[in-house]
2 protein chains.
Amino acid sequence: MRQIAVYGKGGIGKSMISSHISFAFANSGLRVLHLGCDPKHDSTRLLLAGRIPHAILDILRKVDFETRKVALEDVVLESTLNDTVPGQLFCAESGGPEPGAGCAGKGVTEAIRTLAKLDAHNKLELDAILYDVLGDVVCGGFTMPIKRGHAKEIYIVTSGEMQSLFAACNISKAVARFAQRSGVRLGGIVGNLRNMENEREVLERFAARLGTQIIGFVPYSEKIKAASGRGETLFQYAPDSPECEAMQQLADNIYNNKLMTIPEPMSFDELHHWWQAN
Amino acid sequence: MRQIAVYGKGGIGKSMISSHISFAFANSGLRVLHLGCDPKHDSTRLLLAGRIPHAILDILRKVDFETRKVALEDVVLESTLNDTVPGQLFCAESGGPEPGAGCAGKGVTEAIRTLAKLDAHNKLELDAILYDVLGDVVCGGFTMPIKRGHAKEIYIVTSGEMQSLFAACNISKAVARFAQRSGVRLGGIVGNLRNMENEREVLERFAARLGTQIIGFVPYSEKIKAASGRGETLFQYAPDSPECEAMQQLADNIYNNKLMTIPEPMSFDELHHWWQAN
Ligand SMILES: Nc1ncnc2c1ncn2[C@@H]1O[C@H](COP(=O)(O)OP(=O)(O)O)[C@@H](O)[C@H]1O
Ligand SMILES: Nc1ncnc2c1ncn2[C@@H]1O[C@H](COP(=O)(O)OP(=O)(O)O)[C@@H](O)[C@H]1O
Ligand code: SF4
Ligand SMILES: [Mg+2]
Ligand SMILES: [Mg+2]
């Protein structure tokens, strides 16, 4: 089973990109679970026709965390796109506590625990699980996919902007930290472009400096905004567009990826100097 | 003593804006401590001529957390701008652990604890303390200024973009949650503009919907980027510019602010609907 996690700074485009990857995998015949690991619990929105599902943490709270009162179909939904793909596309959201009410990553911890208890991987006969994880802080439940090896391949979404490169460095540090223990590796950088000057070049050099690759570029596109506004992926909204082709290419590159590395991360100072040199 | 915290989504402009406020306060005669509460520990950079100081957490680690081995001058630096102001401007940075090595907010907890043990507020005869706090997650050490009432007035930096409004909602929720217990209040929204359509209007309505005010607007400005690039505030780089005037106005508005409220936050769903209606 492919165990993939997509990380990146909040707002950088993780959910948009990861939901396209999940769709493309199911469209090539795989049985895929897409698990949103962001307190916003909106990662699966484009796979549920714009609907935002209940979060596992909220479902658990309603039963006082007695997992035996929860059924698999309470926490995992079939995508509304299921009839359109040869594979299977399942959706779940971890959720998170109210701000100020405990560790923001608690939803991720509980969701992973609950899916394990419900034996989801076997019951759903999964070929792939894709975690979409908040990457602004790499701690608490947000490290679980990396630290415990629930994800074996990490892909980091970033633009050429300093703030998202800094988050990418932090995520890489966590991967390097746990690589030996959990078998996790960095699979590549997804360059989600923001129309900066020389952005592709900057991102290529950044990936090289980290000891990884660009696994794909996604152009900045009004079509992407429009499709998201309608609760659709590009595969529904604009299947013949170049942006949709870029998404298919990205998914194929991930599907066929053999370059899994232990990153060589930069400290904040080194990133600062690297940035100014580039 | 004024106890102020500036929160907002990572990268939204908290450190740039808060360091200008700290300077303006010292420039009007106050004795100010500016405490950076972001693992990046670069909040005081513009007050230290571009230098990034040691973080309190790193200093504590070197002495195995035996606070008695730490002196006040190890953790608090005088700003390089001190000779240019009638008041006093002190700088400190909390820092944070390595990614994946524990709670990202731990630096904030330890810094606040250490400054209390060293009796910083009295030793430095402070008139004001300004916390610059990461607001992507409102948990762990990042809630301390709100939860424990170390800050009594919260100002939230946001643009008109959905992602930063969402963070502003989360921060407001935490303020509402602890308002009774700790006496913390929302002092206002700082609109850090990104040249979006109708952005000022959207922000005015957002502030009204939360039950607060816009405490000031900051224009998007290449001068701000240039000054930051040189490790300077606008007060050094372009003191006669309209953007510097906007900063002075913002600092004055905060200084004179009497409107402290308990916010009425929106859920994620409500924000989504509000956003689409606006
Ligand atoms: N390449 C792009 N072109 C246009 N809009 C984009 C692009 N990538 C992301 N977006 C938009 O940016 C917003 C944030 O994306 P999202 O995937 O929700 O971020 P995250 O999950 O990282 O918080 C969404 O409205 C999305 O449609
Ligand atoms: N109004 C603005 N105009 C131009 N650049 C800005 C503005 N506000 C912030 N910036 C720039 O954006 C970057 C991020 O700002 P910073 O204060 O470090 O964010 P935060 O502390 O919230 O992470 C800095 O390079 C800063 O100079
Ligand atoms: S571990 Fe991370 S997510 Fe959990 S409380 Fe600490 S900062 Fe928040
Ligand atoms: Mg998301
Ligand atoms: Mg900052």
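Every chain is numbered from 1, with letters handed out A, B, ... down the list of sequences.
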For [X], does the [atom1] atom sit with more than 12 other heavy atoms under 6.0 Å from it, leaving out its own atoms?
{"X": "Gln180(A)", "atom1": "CD", "answer": "no"}
{"X": "Arg148(B)", "atom1": "CZ", "answer": "no"}
{"X": "Arg230(A)", "atom1": "CZ", "answer": "no"}

Next on the checklist: So does Gly10(B) get a backbone contact from the side chain of Lys9(A), meaning a donor-acceptor N/O pair under 3.5 Å?
Outcome noted: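 Flag set: sc Lys9(A) to bb Gly10(B) pair under 3.5 Å.
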Item to check | Non-hydrogen atoms of Cys139(B) and Gly102(A) that approach each other most closely | outcome: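 Result for this residue pair: CB-O, 3.2 Å.
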Item to check | Nearest heavy-atom neighbours spanning Pro99(B) and Asn170(A) | outcome: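 Distance-wise, the nearest heavy atoms are CB-O, 3.2 Å.
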Item to check | Criterion side chain to side chain contact (heavy atoms under 4.5 Å, CB included) on His272(A) and Ile52(B), from CA distance to verdict | outcome: CA-CA 11 Å; His272(A) 226 174; Ile52(B) 293 180; 4.0 Å; yes
Checklist entry - Tell me, side chain or backbone of Ala176(A) under 4.5 Å from chain B's heavy atoms, or both, or neither? => result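 Neither; nothing under 4.5 Å.
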Item to check | Residues Lys40(A), Gln163(B); criterion side chain to side chain contact (heavy atoms under 4.5 Å, CB included); working and verdict | outcome: CA-CA 11 Å; Lys40(A) 254 201 289 167; Gln163(B) 296 279 344; 3.5 Å; yes
Item to check | Between Phe178(B), Phe166(B), Phe142(B), the one whose heavy-atom pairs under 4.5 Å with chain A are most numerous | outcome: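 Of Phe178(B), Phe166(B), Phe142(B), Phe166(B) has the most heavy-atom pairs under 4.5 Å with chain A.
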Item to check | Heavy-atom pairs under 4.5 Å with chain A, option from Ala174(B), Pro39(B), Ala167(B) with the top count | outcome: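 Between Ala174(B), Pro39(B), Ala167(B), the count favours Ala174(B).
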Checklist entry - Quick one: do Glu98(B) and Lys173(A) make a salt bridge, cutoff under 4.0 Å? => result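 Lys173(A) and Glu98(B): salt-bridged.
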